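Just below is one structure, and these are the notes that go with it.
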Amino acid sequence: MSFNPDKILALAGRNLQGISKEELTDLYQALLQEGMHGLCFSPYVEGQQPGDTLSEEQVRRRLEIIRPYTKWVRSFSCTEGNELIPMIAKEMGMKTLVGAWLGKDDQINQEEVEGLIRLANEGYVDIAAVGNEVMYRKDLTEEQLLEFIQRVKQALPKTVVGYVDAYYEFEHRPRITEACDVILANCYPYWEGCALDYSLLYIKDMYNRAVKAGNGKKVIITETGWPSQGTPLYGAVPSDENFMKYFINIQTWSKLDDIPVFYFSSFDESWKVGAEGDVGAYWGIWEKDEKLKY
């Protein structure tokens with residue numbers, strides 16, 4: 001995976017308005033080939049959903065597909081086969097941001113946290129994420145989440161430990177922010193109805209708010225992306241062109257300003273329409289059949 005500063009600077013200077021879809025696709029492909037800091041891993045194939053057990057074959061196959069394009073991979077759970085993701089990713093030479101999925105079921109939470117600690121002790125975890133958008137979903141109290149974070153930090157004194165949530169939660173919950181070694185912020189201009197043309201300025205503001213809340217701690221954007229199909233949300237319109245433009249803008253900014261970004265997501269996943277509406281199935285760089293979209 002190469003990094004060509006001259007090519008990135010050339011992309012940064014481009015006005016993406018009014019160019020043909022063919023030229024846009026060429027720019028998108030050029031930047032994709034340059035590689036990304038990180039990718040969120042979508043493990044579920046057609047017909048699967050969370051709760052189903054992943055096979056080693058499917059995890060290995062999908063990691064092989066994304067391997068040439070990213071340095072880091074992010075996983076969301078440590079049970080039901082998801083524990084294979086960091087194990088195989090490490091074998092392939094990638095770095096790992098590994099999440100324990102926390103929700104309302106305490107037994108599952110205990111299994112997730114124990115799984116995360118075990119994976120880290122075995123050398124498969126570069127950054128440990130204790131929960132994902134738990135405060136946003138109101139699945140746990142702040143006290144419950146803090147107990148899990150402290151438990152993982154005590155068990156893993158040599159591992160970087162954080163918590164993933166929407167950027168503004170770190171402003172509103174200083175105790176959680178203080179407990180984290182690193183701020184893991186999800187930033188989606190799309191979900192706040194921001195038009196594509198203003199989305200880069202918008203995400204820079206999201207990022208800077210997380211930086212200010214972090215008070216000197218490193219901030220990593222753990223999710224951002226744009227859907228390629230589906231129903232518009234206010235000024236935010238899903239389309240192939242907007243998907244590519246957003247990717248180009250975010251990756252160029254990430255490289256030029258050295259902003260660590262985990263792009264969401266690697267593969268389209270049909271099961272997500274239940275939680276997010278019709279756009280949910282169309283966030284991937286690859287289609288659900290594992291072919292590159294563009």
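These numbers were taken from a predicted model, which means no experiment stands behind them.
Using a 4.5 Å cut-off between side-chain heavy atoms of Ile, Leu, Val, Met, Phe, Trp and Tyr, with links allowed through other members, Tyr198 and Met206 fall into different hydrophobic clusters. By the criterion of side-chain heavy atoms lying less than 4.5 angstrom apart, applied directly or through intervening Ile, Leu, Val, Met, Phe, Trp or Tyr residues, Leu119 is not grouped with Ile108; the two fall into different hydrophobic clusters.
Between the Ser265 side chain and the Cys40 main chain, a donor and an acceptor come within less than 3.5 Å of each other. The main-chain N or O of Ile259 is never found under 3.5 Å from a side-chain atom of Asp257 such that the two would form a donor-acceptor pair. Not a single donor-acceptor pair under 3.5 Å links the side chain of Ser270 to the backbone N or O of Ala281. Although no hydrogens or angles enter the test, the distance criterion places no donor-acceptor pair under 3.5 Å between the side chain of Glu223 and the main chain of Asn186. Using modelled atom types, no side-chain atom of Lys204 and backbone atom of Trp253 make a donor-acceptor pair closer than 3.5 Å. Trp191 places no side-chain N or O within donor-acceptor distance of the main-chain N or O of Cys187, the cut-off being under 3.5 Å. Without hydrogens or angle criteria, Thr177 side chain to Phe170 main chain gives a donor-acceptor distance under 3.5 Å. With hydrogens and angles disregarded, a donor-acceptor distance shorter than 3.5 Å links the side chain of Gln144 to the backbone of Thr141.
Ring planes of Trp271 and Tyr44: perpendicular class, angle over 60° (limits at 30 and 60°). Below 30°, between 30° and 60°, or above 60°: for Tyr188 and Phe264 the angle between ring planes is above 60°, a perpendicular geometry.
Within a 6.0 Å radius of CD in Glu57, other residues, nucleotides and ligands contribute more than 12 heavy atoms. Surrounding CG of Asn215 are at most 12 heavy atoms belonging to other residues, nucleotides or ligands under 6.0 Å away. Environment of CD in Glu276: crowded, with over 12 heavy atoms of neighbouring residues, nucleotides or ligands closer than 6.0 Å. No more than 12 heavy atoms of other residues, nucleotides or ligands shown are found within 6.0 angstrom of NZ on Lys95.
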Audit row: Glu80, Leu54, side chain to side chain contact (heavy atoms under 4.5 Å, CB included) steps and yes/no:
CA-CA 6 Å; Glu80 297 172 338; Leu54 305 174; over 6 Å; no
Run the side chain to side chain contact (heavy atoms under 4.5 Å, CB included) test on Val45 and Lys288 for me, step by step, so that the C-alpha distance in whole Å, both residues' side-chain angles and the decisive distance to 0.1 Å come before the verdict.
CA-CA 7 Å; Val45 298; Lys288 62 185 180 182; over 6 Å; no
Let's go through Lys212 and Glu171 carefully: what are the C-alpha distance in whole Å and the side-chain angles of both, what is the deciding distance for salt bridge (Lys or Arg N to Asp or Glu O under 4.0 Å) to 0.1 Å, and is it a yes or a no?
CA-CA 8 Å; Lys212 187 176 179 182; Glu171 296 174 317; over 6 Å; no
Yes or no on side chain to side chain contact (heavy atoms under 4.5 Å, CB included) for Phe148 and Gln110, after CA distance, side-chain angles and deciding distance?
CA-CA 9 Å; Phe148 280 122; Gln110 299 298 331; 3.9 Å; yes
Step-by-step side chain to side chain contact (heavy atoms under 4.5 Å, CB included) determination, Asp181 to Lys217
CA-CA 7 Å; Asp181 299 326; Lys217 294 182 179 181; over 6 Å; no
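Counting only N and O atoms by type, the side chains of Tyr202 and Glu192 include a donor and acceptor under 3.5 Å apart. Between the side chains of Asp278 and Gln229, no donor N or O sits under 3.5 Å from an acceptor N or O. With hydrogens and angles left out, the side-chain atoms of Thr79 and Glu111 include no donor and acceptor closer than 3.5 Å. Side-chain atoms of Ser254 and Gln251 form no donor-acceptor pair, as typed in the model, at a separation below 3.5 Å. Counting only N and O atoms by type, the side chains of Asn82 and Ser75 include no donor and acceptor under 3.5 Å apart.
Look at Glu287 and Lys291 and you find no salt bridge, because none of the NZ, NE, NH1 or NH2 atoms lies under 4.0 Å from a carboxylate O. Salt-bridge formation is detected for the pair Glu64/Arg67: a Lys NZ or Arg NE/NH1/NH2 atom is positioned less than 4.0 Å from an Asp or Glu carboxylate oxygen. Contact check on Arg118 versus Glu83 returns no salt bridge, with no Lys/Arg side-chain nitrogen under 4.0 Å from an Asp/Glu carboxylate oxygen.
Ile220 belongs to a hydrophobic cluster with Trp72, Leu97, Ile127, Val160, Val164, Val182, Leu184, Phe262, counting contacts under 4.5 Å between side-chain heavy atoms of Ile, Leu, Val, Met, Phe, Trp and Tyr, direct or through other members. The hydrophobic cluster around Tyr282 extends to none of the other residues, as no ILVMFWY side-chain heavy atom falls under 4.5 Å of it. When hydrophobic side chains of Ile, Leu, Val, Met, Phe, Trp and Tyr are connected at separations under 4.5 Å, Val237 ends up as a singleton with no cluster partners. Hydrophobic cluster membership for Val273: none, as no Ile, Leu, Val, Met, Phe, Trp or Tyr side chain comes under 4.5 Å of it.
Rounding to the nearest 0.5 angstrom, the gap separating the CG atom in Leu32 from the CG atom in Leu27 is 12.5 Å. Rounded to the nearest 0.5 Å, atoms OH (Tyr294) and CZ (Phe247) are 11.0 Å apart. In this structure, NZ on Lys245 lies 6.5 Å from CG on Leu16, to the nearest 0.5 angstrom. Note that CG of Asn249 is 12.5 Å distant from CE of Met244, once rounded to the nearest 0.5 Å. Interatomic distance, Met87 CE to Arg60 CZ, rounded to the nearest 0.5 Å: 10.0 Å. Distance check, rounded to the nearest 0.5 Å: CG of Asn121 to CG of Leu116 gives 9.5 Å.
Cation-pi contact between Lys293 and Phe243: present, with separation from the ring centre below 6.0 Å and deviation from the ring axis of at most 45°. By the 6.0 Å and 45° rule, Arg62 stacks over the aromatic ring of Phe267.
Every residue two or more places apart in sequence or in another chain that forms a salt bridge (charged side-chain N to carboxylate O under 4.0 Å, His left out) with Glu169 is listed here: Arg173. Take Asp205 and apply the side chain to side chain contact (heavy atoms under 4.5 Å, CB included) test, not counting sequence neighbours, and it matches Arg209.
Here the closest heavy-atom approach between residue Thr53 and residue Gly81 is recorded as CG2-N, 4.4 Å. For Tyr190 against Leu233, the heavy-atom pair with the smallest separation is O-CD2, 3.4 Å. Closest approach of Gln58 to Gln48, counting heavy atoms only: NE2-OE1, 2.7 Å. The shortest heavy-atom contact between Ile250 and Val261 is CG2-CG1, 4.0 Å. Closest approach of Cys78 to Gly115, counting heavy atoms only: CB-C, 3.9 Å. The shortest non-hydrogen separation linking Arg74 to Thr222 is NH1-O, 3.2 Å.
Remark: of the listed residues Tyr167, Tyr246, Tyr263, Tyr246 is the sole one forming a side chain to side chain donor-acceptor pair (under 3.5 Å) with Thr224. A salt bridge (charged side-chain N to carboxylate O under 4.0 Å, His left out) with Asp126 is found for one member of Lys71, Lys90, Lys158 and no other, namely Lys90.
Proximity of Pro238 to Pro232: side-chain heavy atoms (C-beta onward) are separated by under 4.5 Å at one or more points. Contact of the Glu114 side chain with the Arg151 side chain is registered, since non-hydrogen atoms from C-beta on lie closer than 4.5 Å.
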